[in-house]
Amino acid sequence: MVKQYLETNPEVRAALETGGAVVALESTIISHGMPYPKNVETALETERIIRENGAVPATVGIIGGKLKAGLTEDEIEHMGKSPDIAKVSRRDLAYIAAKGLDGATTVAATMMIARMAGIGIFATGGIGGVHRGAETTMDISADLEELARTDVAVVCAGAKSILDIGLTLEYLETKGVPVYGYQTGEMPAFYTRESGFKADYRFETPEEMAGILKTKRALGLTGGVLVVNPIPEQYSMDREAITAVIDRAVAEAEKRGIRGKKLTPFLLSEIKEVTGGDSLEANIQLVYNNARLAAQIARAAV
Ligand code: PSU
Ligand code: MN
(Lines give C-alpha, C1' and ligand atoms only; values in the text may rest on other atoms or scores of the structure.)
(Ligands and ions follow the chains in the order given, each with its own letter.)
Protein backbone atom coordinates (compact mmCIF):
# COMPACT_ATOMS: atom_id res chain seq x y z
CA MET A 1 0.00 0.00 0.00
CA VAL A 2 1.18 3.47 -0.86
CA LYS A 3 -0.22 4.63 2.50
CA GLN A 4 2.48 2.72 4.33
CA TYR A 5 5.12 4.96 2.75
CA LEU A 6 3.33 8.23 1.99
CA GLU A 7 2.98 10.84 4.72
CA THR A 8 0.93 13.89 3.92
CA ASN A 9 1.31 16.50 6.64
CA PRO A 10 -1.88 17.50 8.50
CA GLU A 11 -2.08 21.02 7.08
CA VAL A 12 -1.68 19.78 3.50
CA ARG A 13 -4.18 16.97 4.08
CA ALA A 14 -6.73 19.38 5.56
CA ALA A 15 -6.35 21.71 2.57
CA LEU A 16 -6.77 18.85 0.10
CA GLU A 17 -9.82 17.48 1.91
CA THR A 18 -11.56 20.84 2.00
CA GLY A 19 -10.78 21.66 -1.62
CA GLY A 20 -8.12 24.23 -0.74
CA ALA A 21 -5.20 25.20 -2.94
CA VAL A 22 -1.91 23.33 -2.45
CA VAL A 23 1.42 23.81 -4.26
CA ALA A 24 4.13 21.14 -4.21
CA LEU A 25 7.84 22.09 -4.11
CA GLU A 26 10.90 19.92 -4.78
CA SER A 27 13.90 19.26 -2.54
CA THR A 28 16.74 18.46 -4.97
CA ILE A 29 16.96 22.20 -5.47
CA ILE A 30 17.59 22.44 -1.68
CA SER A 31 20.11 19.60 -1.29
CA HIS A 32 21.87 19.72 -4.66
CA GLY A 33 20.95 23.01 -6.29
CA MET A 34 21.99 25.71 -3.83
CA PRO A 35 24.57 26.08 -1.04
CA TYR A 36 23.69 26.07 2.68
CA PRO A 37 22.28 28.21 4.29
CA LYS A 38 20.83 30.08 1.29
CA ASN A 39 19.08 26.90 0.21
CA VAL A 40 17.13 26.64 3.47
CA GLU A 41 16.35 30.36 3.60
CA THR A 42 15.08 30.17 0.03
CA ALA A 43 12.97 27.08 0.69
CA LEU A 44 11.30 28.70 3.70
CA GLU A 45 10.73 32.01 1.94
CA THR A 46 9.24 30.15 -1.03
CA GLU A 47 6.76 28.50 1.33
CA ARG A 48 5.92 31.90 2.83
CA ILE A 49 5.21 33.36 -0.60
CA ILE A 50 2.86 30.48 -1.41
CA ARG A 51 0.96 31.11 1.83
CA GLU A 52 0.86 34.85 1.16
CA ASN A 53 -0.85 34.02 -2.14
CA GLY A 54 -3.51 31.90 -0.52
CA ALA A 55 -2.21 28.35 -0.99
CA VAL A 56 -0.62 25.75 1.28
CA PRO A 57 2.97 24.74 0.41
CA ALA A 58 4.01 21.08 0.40
CA THR A 59 7.78 20.71 0.10
CA VAL A 60 8.32 17.12 -1.00
CA GLY A 61 11.19 14.88 0.12
CA ILE A 62 12.00 11.48 1.62
CA ILE A 63 12.89 11.11 5.29
CA GLY A 64 13.73 7.72 6.74
CA GLY A 65 12.10 6.06 3.76
CA LYS A 66 8.81 7.98 4.13
CA LEU A 67 7.62 9.90 1.10
CA LYS A 68 6.66 13.24 2.61
CA ALA A 69 4.15 15.59 1.06
CA GLY A 70 4.96 18.58 3.25
CA LEU A 71 8.28 18.69 5.08
CA THR A 72 8.53 20.49 8.44
CA GLU A 73 10.96 23.38 8.93
CA ASP A 74 13.38 21.04 10.72
CA GLU A 75 13.19 18.56 7.87
CA ILE A 76 13.90 21.31 5.34
CA GLU A 77 16.91 22.34 7.45
CA HIS A 78 18.07 18.70 7.45
CA MET A 79 17.69 18.49 3.64
CA GLY A 80 19.74 21.65 3.23
CA LYS A 81 22.46 20.88 5.74
CA SER A 82 23.27 17.17 5.50
CA PRO A 83 25.97 16.55 2.91
CA ASP A 84 24.91 13.03 1.95
CA ILE A 85 21.23 13.24 1.01
CA ALA A 86 20.63 11.12 -2.09
CA LYS A 87 19.29 12.76 -5.24
CA VAL A 88 16.13 10.78 -5.94
CA SER A 89 14.48 10.50 -9.32
CA ARG A 90 11.90 7.91 -10.48
CA ARG A 91 14.35 4.99 -10.64
CA ASP A 92 15.62 5.61 -7.08
CA LEU A 93 12.29 5.89 -5.30
CA ALA A 94 11.64 2.26 -4.30
CA TYR A 95 15.21 1.66 -3.16
CA ILE A 96 15.35 4.72 -0.91
CA ALA A 97 11.90 3.95 0.57
CA ALA A 98 12.70 0.24 1.09
CA LYS A 99 15.98 1.01 2.84
CA GLY A 100 14.52 3.74 5.05
CA LEU A 101 16.91 6.36 3.68
CA ASP A 102 16.65 10.13 3.17
CA GLY A 103 16.30 11.55 -0.31
CA ALA A 104 15.93 14.88 -2.05
CA THR A 105 13.36 14.59 -4.83
CA THR A 106 13.93 15.83 -8.37
CA VAL A 107 11.15 17.27 -10.52
CA ALA A 108 10.31 13.71 -11.64
CA ALA A 109 10.10 12.20 -8.14
CA THR A 110 8.34 15.27 -6.74
CA MET A 111 5.67 14.97 -9.45
CA MET A 112 5.16 11.31 -8.54
CA ILE A 113 4.78 12.00 -4.81
CA ALA A 114 2.60 15.06 -5.43
CA ARG A 115 0.29 12.88 -7.54
CA MET A 116 0.16 10.16 -4.88
CA ALA A 117 -0.87 12.81 -2.36
CA GLY A 118 -3.44 14.39 -4.69
CA ILE A 119 -1.56 17.62 -5.46
CA GLY A 120 -1.86 18.88 -9.04
CA ILE A 121 0.39 21.96 -9.10
CA PHE A 122 4.10 22.18 -8.45
CA ALA A 123 6.53 25.10 -8.55
CA THR A 124 10.28 24.89 -9.09
CA GLY A 125 13.19 26.74 -10.72
CA GLY A 126 14.08 24.80 -13.83
CA ILE A 127 13.37 21.32 -15.15
CA GLY A 128 15.86 18.76 -16.36
CA GLY A 129 15.81 18.03 -20.08
CA VAL A 130 17.82 16.88 -23.06
CA HIS A 131 21.47 17.62 -22.36
CA ARG A 132 23.68 19.12 -25.00
CA GLY A 133 25.39 16.28 -26.83
CA ALA A 134 22.58 13.86 -25.92
CA GLU A 135 22.75 12.47 -29.45
CA THR A 136 25.89 10.65 -28.29
CA THR A 137 25.55 10.52 -24.47
CA MET A 138 21.78 9.81 -24.41
CA ASP A 139 21.60 12.00 -21.29
CA ILE A 140 17.93 12.94 -21.16
CA SER A 141 16.45 13.78 -17.76
CA ALA A 142 13.78 11.48 -16.36
CA ASP A 143 11.86 14.73 -15.70
CA LEU A 144 10.69 14.68 -19.33
CA GLU A 145 9.27 11.15 -19.15
CA GLU A 146 7.54 12.08 -15.93
CA LEU A 147 5.97 15.10 -17.58
CA ALA A 148 4.75 12.70 -20.25
CA ARG A 149 3.02 10.38 -17.81
CA THR A 150 2.15 12.13 -14.53
CA ASP A 151 -0.77 14.43 -14.16
CA VAL A 152 0.83 17.50 -12.56
CA ALA A 153 1.29 21.06 -13.86
CA VAL A 154 4.88 22.20 -13.31
CA VAL A 155 5.57 25.94 -13.08
CA CYS A 156 9.20 26.75 -13.91
CA ALA A 157 11.38 29.47 -15.47
CA GLY A 158 12.09 27.33 -18.54
CA ALA A 159 15.27 25.34 -18.90
CA LYS A 160 18.88 26.40 -18.46
CA SER A 161 21.04 26.38 -21.50
CA ILE A 162 23.13 23.66 -19.82
CA LEU A 163 20.47 21.78 -21.79
CA ASP A 164 19.70 21.72 -25.48
CA ILE A 165 16.49 23.75 -25.23
CA GLY A 166 15.43 23.03 -28.82
CA LEU A 167 15.75 19.26 -28.37
CA THR A 168 14.03 19.46 -24.99
CA LEU A 169 11.03 21.12 -26.65
CA GLU A 170 11.02 18.51 -29.43
CA TYR A 171 11.00 15.75 -26.83
CA LEU A 172 8.09 17.38 -24.99
CA GLU A 173 6.17 17.68 -28.24
CA THR A 174 6.69 14.00 -29.04
CA LYS A 175 5.42 13.10 -25.58
CA GLY A 176 2.38 15.36 -25.87
CA VAL A 177 3.41 17.78 -23.13
CA PRO A 178 2.20 21.33 -23.83
CA VAL A 179 4.33 24.36 -22.92
CA TYR A 180 2.34 27.41 -21.79
CA GLY A 181 4.10 30.79 -21.49
CA TYR A 182 2.87 33.24 -18.86
CA GLN A 183 2.51 36.58 -20.62
CA THR A 184 5.09 35.46 -23.15
CA GLY A 185 5.20 33.56 -26.43
CA GLU A 186 8.82 32.54 -25.74
CA MET A 187 10.36 29.62 -23.97
CA PRO A 188 12.42 31.34 -21.26
CA ALA A 189 15.97 30.14 -20.54
CA PHE A 190 16.00 30.33 -16.73
CA TYR A 191 18.53 33.17 -16.23
CA THR A 192 17.16 35.04 -19.22
CA ARG A 193 13.63 35.81 -20.37
CA GLU A 194 14.29 34.57 -23.89
CA SER A 195 15.79 31.48 -25.49
CA GLY A 196 15.01 32.05 -29.15
CA PHE A 197 12.52 29.16 -29.00
CA LYS A 198 8.75 29.46 -28.83
CA ALA A 199 6.36 28.22 -26.18
CA ASP A 200 3.33 26.40 -27.61
CA TYR A 201 0.75 28.77 -26.18
CA ARG A 202 0.66 32.06 -24.37
CA PHE A 203 -1.69 32.80 -21.46
CA GLU A 204 -2.26 36.10 -19.68
CA THR A 205 -3.76 35.34 -16.25
CA PRO A 206 -3.66 32.57 -13.62
CA GLU A 207 -7.43 32.17 -14.11
CA GLU A 208 -6.93 31.48 -17.81
CA MET A 209 -4.38 28.75 -17.03
CA ALA A 210 -6.66 27.25 -14.35
CA GLY A 211 -9.44 27.10 -16.96
CA ILE A 212 -7.21 25.20 -19.38
CA LEU A 213 -6.25 22.72 -16.64
CA LYS A 214 -9.94 22.18 -15.85
CA THR A 215 -10.68 21.49 -19.51
CA LYS A 216 -7.77 19.06 -19.69
CA ARG A 217 -9.20 17.18 -16.70
CA ALA A 218 -12.72 17.19 -18.15
CA LEU A 219 -11.35 15.66 -21.34
CA GLY A 220 -9.74 12.89 -19.31
CA LEU A 221 -6.31 13.85 -20.59
CA THR A 222 -3.55 12.66 -18.30
CA GLY A 223 0.11 13.63 -18.30
CA GLY A 224 1.93 16.76 -17.28
CA VAL A 225 1.75 20.36 -18.36
CA LEU A 226 4.67 22.76 -18.40
CA VAL A 227 3.97 26.34 -17.40
CA VAL A 228 6.91 28.63 -18.13
CA ASN A 229 7.31 31.92 -16.30
CA PRO A 230 10.18 34.21 -17.33
CA ILE A 231 12.52 35.54 -14.67
CA PRO A 232 11.52 39.11 -13.68
CA GLU A 233 13.35 41.67 -15.83
CA GLN A 234 15.26 43.24 -12.93
CA TYR A 235 16.88 39.93 -11.99
CA SER A 236 17.54 38.57 -15.47
CA MET A 237 21.15 38.11 -16.53
CA ASP A 238 23.03 39.22 -19.60
CA ARG A 239 22.42 36.55 -22.25
CA GLU A 240 25.89 36.59 -23.80
CA ALA A 241 27.71 36.57 -20.48
CA ILE A 242 25.73 33.71 -18.99
CA THR A 243 25.96 31.72 -22.23
CA ALA A 244 29.75 31.99 -22.13
CA VAL A 245 29.81 30.82 -18.51
CA ILE A 246 27.53 27.87 -19.27
CA ASP A 247 29.59 26.89 -22.33
CA ARG A 248 32.70 26.80 -20.18
CA ALA A 249 30.97 24.74 -17.47
CA VAL A 250 29.76 22.21 -20.06
CA ALA A 251 33.30 21.93 -21.51
CA GLU A 252 34.76 21.47 -18.00
CA ALA A 253 32.28 18.67 -17.21
CA GLU A 254 33.24 16.94 -20.43
CA LYS A 255 36.95 17.29 -19.69
CA ARG A 256 36.51 15.80 -16.22
CA GLY A 257 34.23 13.03 -17.49
CA ILE A 258 31.33 14.03 -15.25
CA ARG A 259 28.18 12.17 -16.25
CA GLY A 260 24.85 10.82 -15.05
CA LYS A 261 23.11 12.23 -12.00
CA LYS A 262 26.21 14.22 -10.99
CA LEU A 263 26.20 16.28 -14.17
CA THR A 264 23.38 18.75 -13.40
CA PRO A 265 24.60 19.55 -9.84
CA PHE A 266 28.18 19.96 -11.17
CA LEU A 267 27.08 22.43 -13.87
CA LEU A 268 24.99 24.42 -11.38
CA SER A 269 27.87 24.78 -8.94
CA GLU A 270 30.38 25.70 -11.68
CA ILE A 271 28.06 28.44 -12.91
CA LYS A 272 27.67 29.74 -9.38
CA GLU A 273 31.46 29.79 -8.83
CA VAL A 274 32.15 31.75 -12.01
CA THR A 275 29.38 34.31 -11.63
CA GLY A 276 30.30 34.94 -7.99
CA GLY A 277 26.80 34.48 -6.68
CA ASP A 278 24.89 36.58 -9.24
CA SER A 279 23.43 33.44 -10.76
CA LEU A 280 22.38 32.23 -7.31
CA GLU A 281 20.48 35.45 -6.67
CA ALA A 282 18.76 35.17 -10.05
CA ASN A 283 17.92 31.54 -9.29
CA ILE A 284 16.38 32.46 -5.94
CA GLN A 285 14.29 35.28 -7.39
CA LEU A 286 12.91 33.18 -10.20
CA VAL A 287 11.85 30.49 -7.74
CA TYR A 288 9.90 33.12 -5.75
CA ASN A 289 8.31 34.35 -8.94
CA ASN A 290 7.26 30.81 -9.88
CA ALA A 291 5.91 30.10 -6.39
CA ARG A 292 3.67 33.18 -6.63
CA LEU A 293 2.28 32.21 -10.03
CA ALA A 294 1.76 28.56 -9.00
CA ALA A 295 -0.17 29.61 -5.89
CA GLN A 296 -2.36 31.92 -7.97
CA ILE A 297 -3.09 29.17 -10.51
CA ALA A 298 -3.77 26.67 -7.69
CA ARG A 299 -6.23 29.11 -6.09
CA ALA A 300 -8.00 29.72 -9.37
CA ALA A 301 -8.14 25.98 -10.09
CA VAL A 302 -10.01 24.86 -6.95
N1 PSU B 1 17.87 22.47 -13.11
C2 PSU B 1 18.11 23.57 -12.38
N3 PSU B 1 18.16 23.47 -11.03
C4 PSU B 1 17.97 22.27 -10.39
C5 PSU B 1 17.70 21.12 -11.18
C6 PSU B 1 17.66 21.27 -12.53
O7 PSU B 1 18.26 24.63 -12.95
O8 PSU B 1 18.04 22.21 -9.15
C9 PSU B 1 17.44 19.80 -10.50
C10 PSU B 1 15.93 19.48 -10.46
O11 PSU B 1 15.65 18.80 -9.28
C12 PSU B 1 15.74 18.58 -11.65
C13 PSU B 1 17.04 17.79 -11.61
O14 PSU B 1 14.62 17.73 -11.55
O15 PSU B 1 18.03 18.76 -11.27
C16 PSU B 1 17.36 17.15 -12.93
O17 PSU B 1 18.44 16.32 -12.77
P18 PSU B 1 18.85 15.32 -13.96
O19 PSU B 1 19.29 16.22 -15.07
O20 PSU B 1 19.95 14.48 -13.39
O21 PSU B 1 17.61 14.52 -14.27
MN1 MN C 1 20.81 12.88 -16.68
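All ligand and atom numbering here is 1-based and tracks the order in the structure.
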Nearest non-hydrogen protein atom, atom 9 (C) of ligand 1: T28 CG2, 4.0 Å
Atoms of ligand 1, numbered as shown, that sit under 4.0 Å from any heavy atom of K87: 17 (O), 18 (P), 20 (O)
D143 contact mode with ligand 1 (heavy-atom cut-off under 4.0 Å): side chain
Pair S27-T105, side-chain donor/acceptor within less than 3.5 Å: yes
Interfacing atoms of ligand 1 (cut-off 4.0 Å, heavy-atom, G126): 1 (N), 6 (C)
Modelled atom types, side-chain donor and acceptor of H32 and T28, under 3.5 Å: no
Shortest protein contact, atom 3 (N) of ligand 1 (heavy atom only): L268 CD1, 3.5 Å
Region of H32 engaging ligand 1 - heavy atom pairs below 4.0 Å: neither
Part of T264 with heavy atoms under 4.0 Å of ligand 1, whether side chain, backbone, both or neither: side chain
Enclosure of K66 NZ (heavy-atom neighbours >12, cutoff 6.0 Å): yes
Minimum heavy-atom distance A159-M187, with the two atoms named: N-CE, 3.9 Å
Backbone or side-chain N or O of V107 under 3.5 Å from ligand 1 N or O: yes
Contact atoms of ligand 1, heavy-atom distance to H131 under 4.0 Å: 19 (O)
Close-contact set for ligand 1 against T106 heavy atoms, below 4.0 Å: 11 (O), 14 (O)
4.5 Å side-chain heavy-atom contact, K261 and S89: no
Distance filter under 4.0 Å to F190 heavy atoms, resulting ligand 1 atoms: 7 (O)
Separation of K216 NZ from T222 OG1 (nearest 0.5 Å): 6.5 Å
For atom 7 (O) of ligand 1, closest protein heavy-atom neighbour: K160 NZ, 2.2 Å
Side-chain donor-acceptor contact under 3.5 Å, Y171 with E145: yes
Nitrogen or oxygen of S141 less than 3.5 angstrom from that of ligand 1: yes
Neighbour count above 12 (heavy atom, 6.0 Å) for E73 CD: no
Ion pair check, R248 and E252, cut-off under 4.0 Å: no
P188 side chain near N229 side chain, heavy-atom distance below 4.5 Å: no
Heavy atom of the protein closest to atom 11 (O) of ligand 1 (residue, atom name, distance): E26 OE1, 2.6 Å
Minimum-distance N/O/S atom that D139 presents toward the Mn ion (ligand 2): OD1
